[in-house]
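Throughout, residue positions are numbered sequentially from 1 according to the sequence presented.
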Amino acid sequence: ASMSVKEILQSLVDDGMVDTDRIGTSNYFWAFPSKALHARKRKLEELESQFAESSQKKEALQKNIEKSKIGREDTAERAALLEELATLRQKKEQLKTEIDKYRECDPDVVEEMRQTNQVAKEAANRWTDNIFSIKSWAKRKFGFEESRIDKGFGIPEDLDYID
């Protein structure tokens with residue numbers, strides 16, 4: 001698609017290659033050859049400084065790589081140490097598994113279970129209490145026999161508080 005003169009001028013202004021100014025009702029456009037030269041010079045300096053910076057970074061990384069290789073040369077001793085490390089890590093995992101097996105003997109775990117049981121026992125006794133209260137209310141209100149209430153609601157005959 002062909003561009004209009006106006007679009008071409010606008011694109012040159014956007015790229016900083018042509019200057020524009022509004023004077024009265026007219027728009028004036030101009031470009032000095034030196035302006036483009038200066039813009040290119042600035043861009044070149046910017047790119048050169050980025051290049052220098054990147055080169056320094058690369059050099060620093062290269063030095064770090066060399067430094068980190070020291071003491072890591074592939075020797076028989078290093079291979080033996082790595083193997084020993086792997087063996088010890090495996091042993092550590094086995095011991096951890098062994099410890100987990102005996103976790104329920106941990107005094108903290110036992111105490112936590114004891115407290116959980118206490119809470120559960122109190123809750124069970126509270127519900128037993130509620131059931132007895134409702135049974136006695138139903139006996140008074142409707143004159144039902146206890147065995148009939150138990151049978152109708154599936155309440156075991158030996159329902160009692162937990163010690």
Side-chain angles (χ1 to χ4, degrees), residues 1-4 6-17 20 22 39 42-43 45-163:
S2 64
M3 294 168 69
S4 70
K6 188 177 173 188
E7 288 170 330
I8 292 172
L9 273 173
Q10 189 54 54
S11 121
L12 289 169
V13 168
D14 292 344
D15 292 342
M17 293 170 76
T20 181
R22 191 170 181 86
R42 256 198 326 272
K43 185 69 180 165
E45 284 166 8
E46 194 182 305
L47 290 170
E48 279 172 344
S49 95
Q50 281 177 6
F51 179 72
E53 206 177 295
S54 297
S55 296
Q56 276 180 325
K57 271 189 193 163
K58 181 185 172 208
E59 213 170 291
L61 287 171
Q62 206 65 51
K63 277 184 188 154
N64 280 345
I65 290 171
E66 293 308 315
K67 214 184 290 176
S68 68
K69 278 183 182 173
I70 296 169
R72 294 186 186 189
E73 295 85 0
D74 280 328
T75 61
E77 188 190 1
R78 183 164 194 266
L81 287 171
L82 283 172
E83 204 173 303
E84 191 183 340
L85 179 65
T87 308
L88 289 171
R89 282 190 174 141
Q90 199 176 350
K91 182 89 175 133
K92 179 186 164 195
E93 280 307 308
Q94 284 171 352
L95 291 171
K96 205 167 163 294
T97 308
E98 195 73 17
I99 286 172
D100 285 345
K101 252 194 271 180
Y102 298 109
R103 191 166 179 277
E104 63 268 10
C105 301
D106 180 336
D108 293 342
V109 174
V110 171
E111 183 52 35
E112 196 180 311
M113 284 164 69
R114 194 174 286 133
Q115 285 175 356
T116 306
N117 289 347
Q118 185 58 36
V119 170
K121 191 169 110 180
E122 286 166 10
N125 284 335
R126 202 170 37 250
W127 280 102
T128 304
D129 213 24
N130 292 342
I131 290 168
F132 286 152
S133 297
I134 290 172
K135 271 168 66 170
S136 79
W137 172 82
K139 276 197 284 189
R140 275 197 324 275
K141 178 98 175 154
F142 303 110
F144 288 151
E145 302 147 32
E146 198 163 327
S147 61
R148 219 175 125 202
I149 296 172
D150 288 346
K151 197 169 182 219
F153 289 100
I155 300 168
E157 289 172 31
D158 60 350
L159 177 74
D160 205 349
Y161 294 100
I162 301 169
D163 301 325

Hey, is R42 close enough to E45 for a salt bridge, meaning N to O under 4.0 Å?
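Answer for the salt bridge query: no.
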Test of understanding: with salt bridge (charged side-chain N to carboxylate O under 4.0 Å, His left out), list the residues that count as partners of D150, not counting sequence neighbours.
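Per chain and number, D150 pairs via salt bridge (charged side-chain N to carboxylate O under 4.0 Å, His left out) with K135.
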Quick check on E66: does its CD atom have over 12 non-hydrogen neighbours (other residues, nucleotides or ligands) under 6.0 Å away?
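Yes, enclosed.
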For the ring pair W137 and F144, is the centre-to-centre distance below 6.0 Å?
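No - the distance between ring centres of W137 and F144 does not fall below the 6.0 Å cut-off.
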Atom pair [atom1]/[atom2] of [X] and [Y] - distance to nearest 0.5 Å:
| X | Y | atom1 | atom2 | value |
| --- | --- | --- | --- | --- |
| I155 | I134 | CD1 | CD1 | 8.5 Å |
| F142 | I149 | CZ | CD1 | 9.5 Å |
| L88 | L81 | CG | CG | 10.5 Å |
| D129 | N125 | CG | CG | 8.0 Å |
| L82 | T87 | CG | OG1 | 10.5 Å |

Taking the side chain as every heavy atom from C-beta outward, state whether [X] and [Y] have any pair of such atoms under 4.5 Å apart.
| X | Y | result |
| --- | --- | --- |
| S136 | R140 | yes |
| T128 | D160 | no |
| K69 | I65 | yes |

Determine which pairs satisfy salt bridge (charged side-chain N to carboxylate O under 4.0 Å, His left out) with at least one residue from residues 86-98, sequence neighbours left out, and list them in order.
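Listed once each, the pairs are E98-K101.
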Has the side chain of D15 got a donor or acceptor atom that lies under 3.5 Å from a matching backbone atom of M17?
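Checked: no pair found.
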Compute whether any side-chain donor of one residue and acceptor of the other, for Q118 and E122, lie under 3.5 angstrom apart.
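Yes, side-chain donor-acceptor contact under 3.5 Å.
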Name every donor-acceptor pair, under 3.5 Å, that has one atom in a side chain of residues 47-64 and the other anywhere in the protein, sequence neighbours excluded.
from	atom 1	to	atom 2	distance (Å)
S49	OG	E46	O	3.2
S54	OG	Q50	O	3.1
S55	OG	F51	O	2.9

